[in-house]
Amino acid sequence: MNPNQISVNLYSQRERLKTPEAFVEGMKTLADIGFKSVQLSGVDFDMMSEADFVRVCGEVGISITATHLIGTGDLDEPQRCIDRLGKLGVTQDAYAYPAGVDFTDEAAVDRWLAKLEAANQAYKKAGITLSYHNHHLEFMRSRGKSIQQRIFDETTLAFEIDTYWIQAGGESPLAWVQRCAEAGRLPLIHLKDFRIGVDAQSKSPVAQFAEIGSGGIDFKPIIAAAEAGGCLSYIIEQDNSYGRDEFEAAAESFRYLRDHFAR
């Protein structure tokens with residue numbers, strides 16, 4: 001990968017980016033780490049104008065590679081998101097979470113898939129790629145297959161495969177990256193590692209998000225498959241740093257990707 005393709009999803013730093021002033025300082029910190037792009041997600045999209053988001057990032061040499069803008073409530077009127085993406089100058093968006101969708105109701109899943117595809121077609125007409133960001137719940141079964149597989153089979157959405165959540169869902173991150181990459185449907189990938197840690201309260205073993213290279217996922221074949229499929233952005237995301245500074249955690253993952261995969 002080109003080192004400029006290494007990005008970070010701002011959801012990981014969301015608690016540190018709650019005001020315009022904090023956002024400015026946060027972008028300076030990420031630029032100092034070496035990031036050249038961010039995924040605009042987890043922040044209050046209304047705390048600044050679209051032009052100000054672009055300006056603040058641009059002043060420190062950072063571009064906005066993608067967003068998590070569209071949600072379940074936008075599927076009936078995707079034009080609102082399309083208009084906002086145009087103001088941000090962004091052509092990659094991802095549906096981040098199926099809020100309010102009852103995955104135990106197959107008819108509800110059918111209707112939701114149809115809405116996803118209709119929104120996707122509107123995005124395509126506007127020159128924007130819509131990707132699906134998975135968690136583990138998409139590996140529930142529906143009509144004889146996983147919901148993740150139904151999204152792949154029954155829509156033409158691209159994918160923003162999340163390596164941790166595929167692992168947590170009991171399937172192979174590599175297999176899903178290969179499947180989507182070979183189909184030309186992997187413009188974005190969320191990279192985070194998976195480890196077994198200790199819960200601070202119960203002292204019991206629990207699955208935890210981990211800095212890339214510090215857990216059990218083998219990223220070498222995953223990166224190779226993503227590259228072969230023309231992936232555009234390799235996005236670091238760590239939903240929880242368990243008390244560690246979120247920017248330090250992102251810096252560790254950035255250095256691992258840069259030192260092992262960038263060329």
Output the distance between atom CH2 (W112) and atom CD (E117), rounded to the nearest 0.5 Å.
12.0 Å
Min side-chain heavy-atom separation T67-Q92 under 4.5 Å
no
On a heavy-atom basis, which atom in A225 and which in L174 lie closest, and how many Å separate them?
CB-CD1, 4.4 Å
Per the salt bridge (charged side-chain N to carboxylate O under 4.0 Å, His left out) rule, what does the pair list look like for residues 45-73, sequence neighbours excluded?
D46-R84, E50-R84, D52-R55, R55-E59
Using side-chain contact (heavy atoms from CB on, under 4.5 Å), reason through I70 and Y123 one step at a time and then give a plain yes or no.
CA-CA 11 Å; I70 194 169; Y123 266 54; 3.4 Å; yes
If hydrophobic clusters are built by linking Ile, Leu, Val, Met, Phe, Trp and Tyr wherever their side-chain heavy atoms come under 4.5 Å apart, do I128 and I235 end up in the same one?
no
Side chain of T155, backbone of L157: donor and acceptor closer than 3.5 Å?
yes
Using a cut-off of 6.0 Å, state whether more than 12 heavy atoms not belonging to K145 lie near its atom NZ.
yes
Measure the CG-CD1 distance between L191 and I6 for me, rounded to the nearest 0.5 Å.
9.5 Å
Carefully, step by step, assess Q148 and H136 under the rule side-chain contact (heavy atoms from CB on, under 4.5 Å).
CA-CA 9 Å; Q148 178 86 349; H136 61 331; over 6 Å; no
When you compare the side chain of K220 with that of H260, does any pair of heavy atoms fall below 4.5 Å?
no
Which is it for K28 and E25 under the salt bridge (Lys or Arg N to Asp or Glu O under 4.0 Å) test, yes or no, and what are the steps along the way?
CA-CA 5 Å; K28 290 178 181 177; E25 292 305 311; 3.5 Å; yes
May I ask you to decide whether E211 forms a salt bridge with R244, counting only side-chain N to carboxylate O separations under 4.0 Å?
yes
Would you mind reporting whether V38 and M27 have side-chain heavy atoms less than 4.5 Å apart?
yes
Please step through side chain to side chain donor-acceptor pair (under 3.5 Å) for the pair T156 and N120, ending with a clear verdict.
CA-CA 8 Å; T156 60; N120 183 41; 2.9 Å; yes
Measure across T129 and A158 and return the closest heavy-atom pair with its distance rounded to 0.1 Å.
CG2-CB, 3.9 Å
Output, in order, the C-alpha distance, side-chain angles, deciding distance and verdict of side-chain contact (heavy atoms from CB on, under 4.5 Å) for L75 and L116.
CA-CA 6 Å; L75 294 181; L116 274 177; 4.1 Å; yes
Between S253 (side chain) and I212 (backbone), is there a donor-acceptor pair under 3.5 Å?
yes
So L40 and N9, do their side chains get closer than 4.5 Å, heavy atoms only?
no
Applying ring pair (Phe, Tyr, Trp, His ring centres under 6.0 Å), which residue pairs with at least one partner in residues 221-243 are found, sequence neighbours left out?
none
Interatomic distance, NZ@K124 vs CD1@I82, rounded to 0.5 Å, equals 13.0 Å
If I compare all heavy atoms of I222 with all of P173, which pair ends up nearest, and what's the gap?
CD1-CB, 3.9 Å
Looking only at heavy atoms, the pair that brings K192 and T163 closest together is O-OG1, 2.8 Å
Under 3.5 Å side-chain donor-acceptor pair for H68 and H133
no
Side chains of E138 and N134, donor plus acceptor under 3.5 Å:
no
Can you see which heavy atom on A200 is nearest to which on K203, and at what distance?
O-NZ, 3.2 Å
What I want to find out is whether D110 reaches R150 closely enough, with some N-O distance under 4.0 Å, to be called a salt bridge.
yes
Shared hydrophobic cluster, I166 / F152 (ILVMFWY, side-chain heavy atoms < 4.5 Å):
yes
If the plane angle is over 60° it's perpendicular, under 30° parallel, otherwise tilted; pick one for Y97 and H135.
perpendicular
Beyond-backbone contact of F103 with P98, side-chain heavy atoms, under 4.5 angstrom
yes
Kindly check if the number of other-residue, nucleotide or ligand heavy atoms within 6.0 Å of NZ (K87) is above 12?
no
Under 3.5 Å, is there a donor-acceptor pair between the Q39 and E160 side chains?
yes
Could you work out the complete set of other residues in the hydrophobic cluster of Y11, with links drawn between I, L, V, M, F, W and Y side chains under 4.5 Å apart?
none
Just by distance, do the side chain of S12 and the backbone of V8 share a donor-acceptor pair under 3.5 Å?
no
Look at the side-chain heavy atoms of Ile, Leu, Val, Met, Phe, Trp and Tyr, link any pair under 4.5 Å apart, and say whether F45 and M47 land in one connected group.
yes
For F53 together with F23, are the ring centres under 6.0 Å from each other?
yes
Determine whether a donor-acceptor pair (N or O, by modelled atom type, separation under 3.5 Å) exists between the side chain of D74 and the backbone of G71.
yes
Is it true that T65 and S37 share a donor-acceptor pair across their side chains at a distance under 3.5 Å?
no
Would you check if T91 and L85 make a side-chain contact, meaning some heavy-atom pair closer than 4.5 Å?
no
Could you check F219 against F261 for ring pair (Phe, Tyr, Trp, His ring centres under 6.0 Å), going step by step and ending with a plain yes or no?
CA-CA 9 Å; F219 283 97; F261 301 109; 7.5 Å; no
Hey, what do you get for OG (S214) to CZ (R195), rounding to the nearest 0.5 Å?
5.5 Å
For F247 and Q13, what are the C-alpha separation, side-chain angles and deciding distance, and is it a side-chain contact (heavy atoms from CB on, under 4.5 Å)?
CA-CA 7 Å; F247 289 96; Q13 288 77 32; 3.7 Å; yes
Hey, are the side chains of T72 and Y95 touching, using non-hydrogen atoms and a 4.5 Å cut-off?
yes
Same apolar cluster (I L V M F W Y, side chains within < 4.5 Å links), Y132/L232:
no
Can you name the nearest heavy-atom pair linking R143 to A107, along with the distance?
NH2-N, 3.9 Å
Please work out which of the three classes, parallel, tilted or perpendicular, describes the rings of F139 and W176, given edges at 30° and 60°.
perpendicular
Euclidean distance, S233 OG relative to I189 CD1, rounded to 0.5 Å:
11.0 Å
Centroid-to-centroid, W165 to F194, below 6.0 Å?
no
Atom CG of L137 and atom CD1 of I147: how far apart are they, to the nearest 0.5 Å?
7.0 Å
Donor-acceptor under 3.5 Å (N2 side chain, R263 main chain):
no
Tell me whether E182 contacts the main-chain N or O of V177 through its side chain, where contact means a donor paired with an acceptor under 3.5 Å.
no
Under 4.5 Å between side-chain heavy atoms, hopping through other hydrophobics if needed: is there a path connecting L186 to L257?
yes
Under the 3.5 angstrom rule, does the side chain of D199 hit a backbone N or O of S204 as a donor-acceptor pair?
no
Between the main-chain N or O of G213 and the side-chain N or O of D193, is there a donor-acceptor pair closer than 3.5 Å?
yes
